[in-house]
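What follows is one structure encoded as structure tokens, with my remarks underneath.
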Amino acid sequence: MNFQNELNPQQYKVVTTIEGPVLVLAGAGSGKTRSVIYRTAYLINKKKVNPWNIFVVTFTNKAARELKDRLENTFGISAQSLWIGTFHSVCTRILRYEEKSLPFNSNFSIYDESDQKSVIKKVYTKLDIDPKKFPPGKVREIISRQKNSLILPKDFFDFNETNYFSETVYKIYKAYQDFLSVNNALDFDDLLMYTAILFHDNEKIRKKYEKKFHYVMIDEYQDTNYAQFKIINLIAKNHQNLCVVGDDDQAIYSWRGANIRNILNFEDDYKSVVKIKLEQNYRSPKSFLDAANSLIRNNTERHEKVLWTDITSPEKPELIKLENENKEAEYVAREISQLQSLGKSLNECVVLYRTNAQSRVFENAFSLQKIRYQIVGGVNFYQRKEVKDILAYLKVLVNPQDEESFLRIINVPSRGIGKMTIDKISAFKLENNSTYFDAIQKKNPHLSGKQERSITELASKLKKWKVDSENLPVTVLTKNIIEEFDFIDYYEKSKDPKDISRSENIKEFIAAIEEFSENYENDTGEQPILIDFLQQISLQTDLDNVNEDEEAVKLMTMHNAKGLEFDNVYIVGVEDGLLPHSRSVDTLHNLEEERRLLYVAITRAKKSVKLCYTRHRRYFDTVLTSLPSRFLLEIDEQYLKKEDNLEFQAPRSKTGKHPKNIVLESQKYFNIGQKIKHDKFGNGVILDVSGSGNDAKLTISFSNGKLKKIIGTFVKPV
DNA sequence: TTAAGTATGCTTTTT
DNA sequence: GCATACTTAA
């Protein structure tokens, strides 16, 4: 394999600069992934580095799998002993392995967002907290942010100011962590946080991984958060053999704690860094890049770089104005239908939108036109109710401490166990100081005859399956459970049409677990145990389930499109309020992230890109007038194509500026914990809200210490 | 006490 | 337009 011939000079430099820190600033479509693959292959094949000593972190599981496949197919490298995966999956592996040094055992459950909210709600009843004043979703976000910044409950007030709101959040955070600990459960953020803490506090273990991971590569570095930065820093700060690849112009995850500073200030942390820019794009025609460049130039938080290309094509990004979202969907469906009749593959078409809710009208339009489509994202397959129910059974068997999952299945399928019965079992559990799983195995004097019968029946089934879970293959066990309760039959016989798809999903779930088992056996030569399956799918995204062989148009959010490319790209809903999203226009930082989102979307395209916006759009039950996105004004006109009969007239206010706020009053609402500014009283935090929009009555704690009640119209979000 | 039936409130983006 | 939270019937 001749590395030099197959790479451009910059890529070659990335691949061959092995020792010391390397920062690769790689523009969209510049062969970033290719460089990472070749670099890995170069280390192994040319430099004879043991694969065991290489650590590669990718952004998605899909990217990890592709990387492994290509190493095997193109370079004949067995990826078995290579550590390639997402931060979350790699951390899970480390935490399971190091259980002796950790406060939980390796059978831990992984809680997703809805599990987290449910735990928070449980904590509220215990602490007597009003969910209206402390919305569980908001509090979950705050807790998540603490964890991503490695702030434990005990450190909470070192980093947060002390007021009524923060003190309550602190109490919730602490009780929430206690609950997880009792349940032997970790949430997504814990996976990162505990790994970082483990490396930080345990020098022996840190040294072990430092030695093991002698060469470290991180893809999509712009989207790493502090916890992730710390994990890598603890491994790589001594040997400095760290290669990070990223594009600050594609940083779109700051809301998840990603810190763009990690890439902008890389040189501060790793002094002798070799900085390499990949600016040649191999994907898009010149006009697409010119348009994207003229857009992204408006950002202030960025490394200067300009993408260029050799690809010439008369094609320009095209601006399309539609009457409403239905017309928009019809237009896209018609266009794709046409491409299809020209013999183009549906797999090369993608619809990109800002919010998942926008997908519905496209589903309708595509069904009508008989175009096969596949939605990526939205509700994850493994989060669907019927699938989660079965998963909860499996989780309980692996981790009997998992109350969350236990309570989920105690009356699924319906076996006459309601709130009162559960309360009795809870009381009995407390008396015995045991888990639910063990509590129902014993004779419970509180229960009536009928209640006791259904509980003991469940108890004996679980007991049997618990034994099975250690002996039977995971596929057999899962099928047994599904058959025992006739889940498929139940949904097939249901009158509710939605339930048909539920039975389909259960069948698909069985297929998924079979596929997992086969792959696992192929990869490792061993039978998987249940926990392997559970932990893997807990970290699976919808992107990982995309069926590449199926001929279908993909529909996804712009976030999900990162790293992908398509011939024909339809970017829809390019309107103010949607892109930039009305919730992200408050700060320059947020606005710039929205701009990057459009930048990412445009740079996915290889052959054509359409930017669609509508005049009217339906939100819930009202039709709003919408305006083209302010970003469309920033794209240099000469690089755009506009339909002749549709003169693009950007609405401008008298001052010549684009109206800042198309956010209509009906959309303007306040949340508890939100930071606001008042002309006279200055900055403050909202403690209580009643009503919405301008009429909302707000209770605000101002930073001068005053508590005031104020009407929504007088304050602005900060 | 539970299960079915009805009202309500919420939608940014995801590992 | 959907899922969750409350209300009412059995």
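By convention in this document, chain letters (A, B, ...) are assigned in the order of the sequence lines, proteins followed by strands, and residues within each chain are numbered from 1. On a predicted model such as this, the values are computed, not experimentally measured, just so you know.
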Rounded distance (Å) that lies between atom P of dT13(B) and atom CZ of Arg140(A): 12 Å
With the side chain defined as heavy atoms from C-beta on, Gln451(A) is closest, among dT13(B), dT2(B), dT15(B), to dT2(B)
Starting at the 5' end of DNA chain B and moving along, which residue's nearest nucleotide shows up first, Thr86(A) or Asn411(A)? Asn411(A)
Specify the separation, in whole Å, of atom CZ of Arg617(A) and atom C1' of dT11(B). 13 Å
Of the candidates dT13(B), dT2(B), dT15(B), the side chain of His88(A) sits closest to dT15(B)
For the pair made of CD in Gln540(A) and P in dT14(B), what is the distance, rounded to whole Å? 16 Å
How many Å lie between CG on Asp389(A) and P on dA3(C), as a whole number? 14 Å
Are any of Thr541(A)'s side-chain N or O atoms less than 4.0 Å away from OP1 or OP2 of dT15(B)? yes
Could you tell me whether the phosphate oxygens of dT14(B), OP1 or OP2, come under 4.0 Å of any side-chain nitrogen or oxygen in Asn356(A)? yes
Tell me: CG of Asn148(A) to C1' of dT14(B), nearest whole Å? 12 Å
Does dC2(C) have OP1 or OP2 under 4.0 Å away from a side-chain N or O of Arg360(A)? yes
Could you tell me how far apart Arg145(A) (CZ) and dT13(B) (C1') are, to the nearest whole angstrom? 14 Å
Could you tell me whether the side-chain ring of Tyr253(A) sits stacked on the base of dT14(B), using a centroid cut-off under 5.5 Å and a plane angle under 30°? no
Take Asp112(A) and Tyr382(A), measure what side chain to side chain donor-acceptor pair (under 3.5 Å) needs, and give me the verdict at the end. CA-CA 10 Å; Asp112(A) 66 19; Tyr382(A) 294 105; over 6 Å; no
Using a cut-off of strictly less than 4.0 Å, decide whether Ser414(A) has a side-chain nitrogen or oxygen near OP1 or OP2 of dT2(B). no
Smallest heavy-atom separation, Asn590(A) atom then Ser584(A) atom, equals CB-O, 3.3 Å
Start at the 5' end of DNA chain B and walk down; is the nucleotide closest to Thr557(A) or to Ala357(A) reached first? Ala357(A)
Phosphate OP1/OP2 of dA5(C): any Lys121(A) side-chain N/O under 4.0 Å: yes
Looking at CG of Asp247(A) and OH of Tyr221(A), how far apart are the two atoms once the value is rounded to the nearest 0.5 Å? 15.0 Å
Describe the nucleic acid contact of Lys385(A) in one word from base, sugar-phosphate, nothing, applying a heavy-atom distance below 4.0 Å. nothing
Taking only the C1' atom of each, what is the distance from dC6(C) to dT11(B) in whole angstrom? 22 Å
Could you label the plane-to-plane angle of the Phe59(A) and Tyr253(A) rings as parallel, tilted or perpendicular, counting under 30° as parallel and over 60° as perpendicular? tilted
Rounding to an integer number of Å, can you tell me how far Lys147(A) NZ sits from dT14(B) P? 21 Å
To the nearest angstrom, the CD-C1' distance between Gln358(A) and dT11(B) comes to 11 Å
Quick one: is dT2(B) close enough that its OP1 or OP2 comes under 4.0 Å of any side-chain N or O from Thr421(A)? yes
Would you call Glu593(A) and Arg596(A) a salt bridge, using N to O less than 4.0 angstrom? yes
Are Asn560(A) and dT14(B) close enough that a side-chain N or O sits under 4.0 Å from OP1 or OP2? yes
Just checking Glu113(A): base, sugar-phosphate only, or nothing, at a heavy-atom cut-off of under 4.0 Å? base
Would Asp402(A) and Tyr111(A) count as having a side-chain donor-acceptor pair, cut-off 3.5 Å? yes
